Amino acid sequence: PGIGLESILGRILRIARYHNHKSTETMKPFGIKNGEADVLSALLHAGPPYTLNPKDITKHAYRTPGAITNVMEKGLIRRNADRENRRNVLVELTPEGLEMARESFLAQTDMEKRLLTMLSPEEKEQLRTLLKRILLDLEERGEV
């Protein structure tokens, strides 16, 4: 008998649901939702000047443009014309957004570390490698 894919994928889904629930709880004190935190995180990871075009944000944060609008309405990001090509728009963190991005990212990271405490560093690396392999294959096939 083969390994039941439903048990592997079912566990991934259950962990993802749990992670989403814990992320929601973690972001509540900041007054932001998970999707908004993902937008802030994408810009934070871009590094100074914390600017990306909207297409890159949606690609890296796996969120719709609506999440960008929600964050903008909270004054955490702003849109500017691209200095190199005025027809393009760039999104950047405001000073308040940068502070919120850093604080919420640290809270999220702490929560995620607790989620994986039972794994050794070697097991975490093995899991990271396997999940990356699956995701890269899906991306190469244009499915995500």
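All figures in this text were calculated on a predicted structure; none of them were measured in a lab. Hydrogens, waters and symmetry mates play no part in the numbers below; they use all other heavy atoms, side chains included.
A salt bridge does not link Arg114 to Asp110: none of the charged nitrogens lies less than 4.0 Å from a carboxylate oxygen. The existence of a salt bridge linking Glu36 and Lys33 is excluded, since no basic side-chain nitrogen approaches an acidic carboxylate oxygen closer than 4.0 Å. In this structure, Lys28 does not pair ionically with Glu25, as no charged nitrogen and carboxylate oxygen lie closer than 4.0 Å.
Rounding to the nearest 0.5 Å gives a distance of 12.5 Å between CD1 of Ile68 and NZ of Lys55. Considering CZ of Arg78 and CD of Glu96, their distance stands at 8.0 Å, rounded to 0.5 Å. For the atom pair Lys132 NZ and Glu139 CD, the distance stands at 10.0 Å (nearest 0.5 Å). Rounding to the nearest 0.5 Å gives a distance of 10.0 Å between CG of Leu98 and CD of Glu103. How far CG of Leu52 is from CG of Leu43: 5.0 Å, rounded to the nearest 0.5 Å. With rounding to the nearest 0.5 angstrom, the CG atom of Leu40 is 11.0 Å from the NE2 atom of His45.
Here the side chain of Thr24 pairs a donor or acceptor atom with the backbone of Asn20 at under 3.5 angstrom. Using modelled atom types, one side-chain atom of Glu123 and one backbone atom of Ser120 make a donor-acceptor pair closer than 3.5 Å. For the pair Thr94 (side chain) and Leu76 (backbone), a donor-acceptor distance under 3.5 Å is present. Thr51 places a side-chain N or O within 3.5 Å of a backbone atom of Pro49 that can act as its donor or acceptor partner.
With contacts defined as side-chain heavy-atom distances shorter than 4.5 Å, the pair Leu90/Arg79 does not qualify. With a 4.5 Å cut-off on side-chain heavy atoms, Leu131 and Leu135 do not count as touching. Side-chain atoms of Leu115 and Lys22, non-hydrogen and from C-beta on, never get closer than 4.5 Å to each other.
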Is there a side-chain contact (heavy atoms from CB on, under 4.5 Å) between Leu13 and Arg17? Walk through the geometry before answering. CA-CA 6 Å; Leu13 285 172; Arg17 286 185 195 119; 4.3 Å; yes

Carefully, step by step, assess Ile57 and Val91 under the rule side-chain contact (heavy atoms from CB on, under 4.5 Å). CA-CA 9 Å; Ile57 293 172; Val91 177; 3.6 Å; yes

After noting the C-alpha distance and the side-chain angles of Leu138 and Ile134, does the key distance pass the side-chain contact (heavy atoms from CB on, under 4.5 Å) rule? CA-CA 6 Å; Leu138 291 171; Ile134 294 168; 4.2 Å; yes

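Both Leu119 and Ile12 belong to a single network of hydrophobic side chains, linked directly or stepwise wherever heavy atoms of I, L, V, M, F, W or Y lie under 4.5 Å apart. Taking hydrophobic clusters as Ile, Leu, Val, Met, Phe, Trp and Tyr residues chained together by side-chain heavy-atom distances below 4.5 Å, Leu136 does not share a cluster with Leu9.
More than 12 heavy atoms of other residues, nucleotides or ligands shown are found within 6.0 angstrom of NZ on Lys124. By the neighbour-count criterion of 12 heavy atoms within 6.0 Å, atom CZ of Arg14 is sparsely surrounded, having that number or fewer from other residues, nucleotides or ligands. When the shell of 6.0 Å around CD of Glu84 is examined, it contains 12 or fewer heavy atoms from other residues, nucleotides or ligands. Within a 6.0 Å radius of CZ in Arg133, no more than 12 heavy atoms belonging to other residues, nucleotides or ligands are found. Around atom CD of Glu112, more than 12 heavy atoms belonging to other residues, nucleotides or ligands sit under 6.0 Å away.
Nearest heavy atoms, Ala61 versus Ala42: CB-CB, 4.4 Å. Ile32 and Met27 make their closest contact through O-CB, 3.2 Å (heavy atoms, listed as atom of the first residue, atom of the second, distance). The shortest heavy-atom contact between Leu44 and Phe105 is CD2-CB, 3.9 Å.
Taking Tyr18 as the reference, nothing meets the ring pair (Phe, Tyr, Trp, His ring centres under 6.0 Å) condition, with sequence neighbours excluded.
Ser23 and Asn34 share no side-chain donor-acceptor pair at under 3.5 Å.
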